[in-house]
Amino acid sequence: MMDKTFNPQDAETRIYEAWEQAGAFQPIDDDNAEAFSIVIPPPNVTGRLHIGHALNNTLQDTLVRYKRMLGCSVLWQPGTDHAGIATQMVVERQLSQEGNISRRDMGRDAFIERVWKWKEESGGAILQQLRRLGASCDWSRERFTLDEGLSKAVLKVFVELHEQGLIYRDKRLVNWDPHFQTAISDLEVENKETQGHFWHFAYPLADGSGELVVATTRPETVLGDCAVAVHPDDERYQHLIGKMIKLPIADVEIPVVADEHADPEQGTGCVKITPAHDFNDFEVGKRNNLPLINILDREARLLSEDDGMGGLARIPAEWRGMDRFEARKALVAKMEELGFLREVEDKTIQQPYGDRSGVVIEPWLTDQWYVNAGELAKEAIAAVEDGRTTFHPKTWEKTYFEWMRNIQPWCVSRQLWWGHRIPAWYGPSYQVEERDGERHLALDHSSPQTFVAESFEDAETKARAYYREFGLEPEVVGEFETAREAEEANSAAPRAVALWRDEDVLDTWFSSALWPFSTLGWPDDTPEVVEKFYPTSVLITAFDIIFFWVARMMMQGLHFMKEAPFKDVYIHALVRDEKGQKMSKSKGNVIDPLELIDEYGADAVRFTLAAQAGQGRDIRMSKERVEGYRNFGTKLWNAARFCEMNECVTPPDFDPKSVTNTVNKWILSEAAATVKAINAGLDGFRFNDAAAAAYRFTWNVFCDWHLELAKPLLQGEDEAAKAETRATTAYVLDQALKMLHPFMPFVTEELWQQTGQRDTQLITASWPQLDGLENADATAEMGWLIELITDIRRLRSEMNVPAGAQIPLIAVGASAETAARLERHQALIQRMARLADIGVSDTVPPASAQTVLGEATLALPLEGVIDFAAERARIEKELSKLDGEIMRLEKKLGNEKFVANAPEAVVAEQREKLDDYKNQKTKMGEALERLQGM
RNA sequence: GGGCGGUUAGCUCAGUUGGGAGAGCAUCUCGUUUACACCGAGAGGGUCGGGGGUUCGAGCCCCUCACCGCCCA
């Protein structure tokens with residue numbers, strides 16, 4: 001005897017291990033099997049499973065299990081990414097908690113060793129957590145972005161893009177995070193509304209002829225001003241264009257320039273231009289040939305050392321090294337003291353913050369490596385335009401296009417240690433000098449020569465070739481960590497050339513962009529694996545990662561593999577709390593999926609997520625909902641328990657097409673229709689539709705009706721009917737387990753094992769194929785039966801007939817077919833409607849409650865029980881409803897234009913309905929008449 | 001300021017070529033009939049945000065307004 005409920009805690013681990021041991025997660029080795037592959041969006045190696053991961057992976061697993069059962073050779077490729085900043089943060093925090101020395105004191109090699117140690121010990125915990133969810137990834141192929149193979153792919157891609165001119169070094173403004181002291185992507189910058197000020201400063205004209213007033217939200221940048229701009233059409237300031245201004249404090253002269261960036265409506269219409277500290281001003285500076293004057297160091301303090309750009313001289317000696325926010329106060333105070341402060345306005349400003357560090361981001365001028373994303377984007381845009389890749393829902397393509405068409409150069413270097421070190425080496429350049437009429441060659445370390453190569457050996461070869469051009473064969477030594485070390489080595493050995501390696505690492509997303517093919521082994525490994533599983537079938541991810549990841553995979557995949565990395569991209573929603581708030585630690589409204597799994601089981605959590613995964617909407621998560629789907633699992637469990645108690649088993653030679661009993665034909669037909677609906681749902685990424693179809697079939701069709709209808713057959717005397725019903729019921733239960741498996745893998749697998757001798761686990765069993773079992777006749781007859789039973793139950797309830805009372809039913813005006821159906825299903829009807837007897841008559845017995853089903857009037861004689869007034873009121877209400885419907889339809893059908901324009905089928909349907917309502921109205925009218933005076 | 005999405009039953013949401021408004025939860029009534037009270041039977045509840053238009057016909061298509069949310073500047 002089975003337990004009364006499923007116990008997830010006991011079963012889940014056991015079942016999961018059994019699947020893994022059986023090798024069920026690995027693709028089947030069959031060349032005829034269609035390949036189906038998904039790469040997991042690699043979670044950060046520092047990550048912990050949150051509800052968004054749970055949704056994302058539930059959907060992937062659902063699809064993967066479905067395709068696996070369909071017989072595809074399925075690869076779900078798992079792994080993690082190295083999460084440059086996040087991981088470095090974790091380990092640095094650990095170091096400081098342990099009271100250890102900082103990363104910089106520790107040195108690069110020791111620190112990286114320490115991070116690897118952390119990774120081995122506690123990295124990738126999220127992958128263990130995914131197992132709790134039931135994720136059927138092929139763990140034997142797990143990858144990490146810093147793996148040897150993936151690193152090799154990164155090197156190859158970097159070097160090739162460099163050779164093609166698509167990666168280059170440039171000096172531009174970047175988003176600089178002064179806390180981590182690295183460049184970050186503009187996608188990692190969060191703009192937040194902040195209460196700030198608008199300071200109005202007067203700038204005197206150099207010729208003493210007056211002043212103009214500029215306003216700024218960042219007064220400290222005054223020291224870096226290189227011009228004041230006015231709009232070229234602004235008549236107020238025409239006479240100022242070309243004049244010089246004496247910049248207060250910095251004590252330099254800067255010009256007034258004409259540039260359209262100046263907005264005549266904004267403030268005074270004069271705007272200060274600080275090209276080295278503002279993205280817009282940088283562009284203005286380029287247009288007007290302004291110098292770039294930097295005033296901040298890497299920690300966002302006012303310069304204390306000369307950076308070669310001339311900013312230091314502008315900074316008063318006592319301010320050098322001052323923090324940027326202190327500098328702001330100091331500057332404002334000084335301007336006020338000098339009499340240049342005209343006004344302070346409160347102003348709401350958009351302030352950029354680093355999403356990891358939380359500090360204000362500083363636009364800062366640095367040398368960085370850039371990918372020419374604009375070039376790579378062309379093909380990535382085309383691939384979506386021409387449908388090689390399709391987004392679901394399609395509306396996300398707009399977002400993709402919008403970003404792709406306005407894409408900026410992608411800064412890929414990061415001033416971190418944890419990551420793929422940039423494969424670029426530098427050596428001194430040779431400068432040819434003409435001196436005393438002779439050619440002299442000199443080593444120049446300040447403008448080094450760059451050698452990009454996959455290895456130091458290759459870089460060395462390139463270096464030799466470079467120096468050979470000058471007719472020299474110096475000894476090349478290296479690789480040094482920094483330019484300074486190399487220069488020292490060089491001066492110690494003047495005949496040698498020392499190379500040093502770029503200190504920076506690549507943006508983590510640079511390696512993530514290669515994920516769909518680097519994980520498959522590219523550029524090495526077995527080509528058949530790459531060919532079989534690339535391009536991948538579908539990518540499932542959340543919208544907030546379209547720019548970061550999807551777009552970049554498209555670019556790199558198309559460039560290096562010549563094919564888009566996935567045919568379909570399914571974008572799912574964000575999971576919010578039950579009030580619709582975004583979950584966050586600071587709000588304390590985070591729902592931990594692991595706690596939910598502990599409490600309700602993984603199946604319930606998965607089903608909740610899948611059932612709510614409607615396209616284009618956020619999901620609200622609440623415990624009540626999970627509980628409801630846990631109950632659904634219990635319902636299924638008890639249906640199986642019922643089958644066990646009634647000895648339902650499917651004989652080996654059972655042929656569902658051969659069943660004869662209407663009840664059995666019907667449930668098979670319903671099952672077949674459900675499989676179709678689930679297929680359509682999953683094929684179209686409508687997970688909620690698929691889940692709803694499976695849910696409804698299991699609970700509202702199989703349990704509510706089939707099992708109840710089967711009871712009299714299973715407990716009756718007709719041995720043939722009993723055997724057929726047992727076989728059919730067991731068979732349909734099996735189909736239900738299969739249909740539900742992608743959504744609820746654990747409970748279905750457990751039931752599969754407990755309810756029969758199986759030659760395979762459910763995870764690798766075949767997906768239901770029930771074509772040909774649809775049966776319109778059985779559907780019609782059972783539809784009638786269900787309506788009949790429901791009608792009688794409603795009458796009983798409305799007439800307050802005691803639940804236990806057995807009363808007779810008289811059918812009046814029944815057709816031969818109805819009479820035959822009544823007789824055929826008499827036992828069923830009596831049992832389910834709690835009837836004493838069923839009779840057919842020409843006349844309605846007195847004191848009956850009545851209703852109409854088709855051509856027949858159903859009468860329940862309720863002598864002594866019936867409340868005539870209540871029954872009359874009930875029928876009158878029915879009649880008025882019918883009148884409403886009839887009026888509506890008559891009006892519609894009376895409209896010539898409708899009859900002329902609407903499709904024939906629609907018109908015919910309306911006529912049928914009208915006839916039906918009229919018939920009901922007649923019958924109900926007669927019923928009412930019979931009650932008059934009683 | 002630009003773009004995208006949303007507004008349907010008390011709550012959360014489905015509603016795919018425009019043709020009788022649905023589900024789950026909640027509420028109310030009844031019920032322990034040997035699968036299941038994590039259950040069963042039944043009921044109530046919506047001018048589909050407002051306005052206008054197209055159409056024989058609009059929750060669905062178009063315009064407009066209001067409110068909410070997200071992304072980008």
Dot-bracket notation for RNA chain B, counting Watson-Crick and G-U pairs under 3.5 Å, with | for partners on another strand: (((((((..((((.....[..)))).(((((.......))))).....(((((..]....)))))))))))).

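- Between Phe685(A) and Phe687(A), the ring-plane angle classifies as tilted under the 30° and 60° cut-offs.
- Listed pair Trp705(A) / A41(B) fails the phosphate criterion, with no side-chain N or O lying under 4.0 Å from OP1 or OP2.
- Closest to the Gln612(A) side chain, of the nucleotides G44(B), A41(B), U12(B), is U12(B).
- A straight line from CG of Leu609(A) to C1' of G24(B) spans 15 Å, rounded to a whole angstrom.
- At a cut-off of 3.5 angstrom, counting only N and O atoms as typed in the model, there is no donor on one side facing an acceptor on the other between the side-chain of Glu708(A) and the base of A41(B).
- Counted within 6.0 Å of CD on Glu260(A), heavy atoms from surrounding residues, nucleotides or ligands total 12 or fewer; the atom is thus considered open.
- Comparing Val189(A) and Val906(A), the nucleotide of RNA chain B nearest to each residue sits closer to the 5' end for Val906(A).
- Candidate nucleotides G20(B), G44(B), A41(B) were compared by shortest atom distance to the side chain of Glu885(A), and G20(B) ranks first.
- When the P atom of G19(B) is taken as reference, atom CZ of Phe898(A) falls 12 Å away, rounded to whole Å.
- Partners of Asp10(A) by salt bridge (charged side-chain N to carboxylate O under 4.0 Å, His left out), not counting sequence neighbours: none found.
- Taking the side chain as every heavy atom from C-beta outward, Glu871(A) and Ile875(A) approach each other to under 4.5 Å.
- Nucleotides A21(B) and G57(B) place their C1' atoms 16 Å apart, quoted to the nearest Å.
- For C39(B), the OP1/OP2 oxygens have a side-chain nitrogen or oxygen of Asn631(A) closer than 4.0 Å.
- Nucleotides U33(B) and A37(B) have their C1' atoms positioned 14 Å apart, rounded to a whole Å.
- No donor-acceptor contact under 3.5 Å links the side chain of Arg831(A) to the base of U33(B).
- Heavy-atom distances to RNA chain B give each of Pro903(A) and Phe632(A) a nearest nucleotide, and the one nearer the 5′ end belongs to Pro903(A).
- Using bins of under 30°, 30° to 60° and over 60° for the plane-to-plane angle, the ring pair Phe697(A)/Phe702(A) lands in the parallel bin.
- Side chain of Glu798(A), nearest nucleotide from C71(B), A43(B), U16(B): A43(B).
- For the C1' atoms, the distance linking C63(B) with U55(B) amounts to 16 Å, nearest Å.
- Regarding His392(A), its NE2 atom lies at a distance of 18 Å from the P atom of U16(B), rounded to whole Å.
- Remark: the Arg641(A) side chain and the C36(B) base include no donor-acceptor N/O pair separated by less than 3.5 Å.
- Taking only side-chain atoms of Arg834(A), from C-beta outward, the nucleotide of G31(B), U33(B), G20(B) with the closest atom is U33(B).
- The gap from the C1' atom of C61(B) to that of C70(B) amounts to 26 Å, rounded to the nearest Å.
- Taking atom C1' in both A58(B) and U8(B), the straight-line distance is 14 Å, to the nearest Å.
- With both ends at atom C1', the span from C60(B) to U7(B) equals 15 Å, rounded to whole Å.
- For Tyr400(A) and C72(B), the OH to P distance is 18 Å, given to the nearest whole Å.
- A distance of about 31 Å separates the P atoms of C39(B) and U47(B), rounded to the whole Å.
- Within the nucleic acid shown, Asn800(A) has no heavy atom closer than 4.0 Å to any nucleic acid atom.
- Distance CZ (Arg686(A)) to C1' (A14(B)): 12 Å, rounded to an integer number of Å.
- If you run ring-ring contact (aromatic ring centres under 6.0 Å, His included) between Phe632(A) and each of Phe6(A), Phe743(A), Trp637(A), Tyr695(A), only Tyr695(A) comes through.
- Ion pairing between a basic and an acidic side chain is recognised when a charged N comes within 4.0 Å of a carboxylate O; Glu647(A) and Lys722(A) show no such pairing.
- Following rounding to the nearest Å, Phe6(A) (CZ) and C36(B) (P) show an atom-to-atom distance of 19 Å.
- Residue Asn638(A) places no side-chain N or O under 4.0 Å from the OP1 or OP2 atom of A35(B).
- A salt bridge does not link Asp915(A) to Lys918(A): none of the charged side-chain nitrogens sits closer than 4.0 Å to a carboxylate oxygen.
- An OP1 or OP2 oxygen of A35(B) is reached within less than 4.0 angstrom by a side-chain nitrogen or oxygen of Lys711(A).
- Residue contacts shown for Thr634(A) include a base, since a base heavy atom lies under 4.0 Å away.
- Residue-level contact check: Ala902(A) touches the bases, meaning some heavy atom is under 4.0 Å from a base atom.
- Contacts of Arg625(A) with the nucleic acid, taken as non-hydrogen atoms under 4.0 Å apart, include base atoms.
- The side chain of Thr395(A) contributes an N or O atom lying less than 4.0 Å from OP1 or OP2 of G5(B).
- Between the side chain of Lys635(A) and the base of C36(B), at least one donor-acceptor pair of N or O atoms lies under 3.5 Å.
- When the side-chain nitrogen and oxygen atoms of Lys398(A) are compared with OP1 and OP2 of G5(B), one or more of them lie within a distance under 4.0 Å.
- Comparing the same atom, C1', in G50(B) and in C68(B) gives a spacing of 15 Å after rounding to whole Å.
- Between the CD1 atom of Ile546(A) and the P atom of C72(B) there is a distance of 12 Å, given to the nearest Å.
- If you check every strand for non-hydrogen atoms under 4.0 Å, Asn901(A) touches a base.
- The number of heavy atoms from other shown groups lying within 6.0 Å of CD (Glu912(A)) does not exceed 12.
- Looking only at atom types and distance, the side chain of His706(A) has a donor-acceptor partner in the side chain of Thr729(A) under 3.5 Å away.
- Under a cut-off of 6.0 angstrom, the local environment of CD in Gln9(A) is crowded, with over 12 non-hydrogen atoms contributed by other residues, nucleotides or ligands.
- Contact annotation for Phe607(A): no contact, since no heavy-atom pair falls under 4.0 Å across all strands.
- Rounded to an integer number of Å, the gap from CG of Asp915(A) to P of G20(B) is 17 Å.
- Of the side-chain N and O atoms in Arg794(A), one or more sit less than 4.0 angstrom from OP1 or OP2 of A43(B).
- The residue Cys643(A) sits apart from the nucleic acid: no heavy atom pair falls under 4.0 Å.
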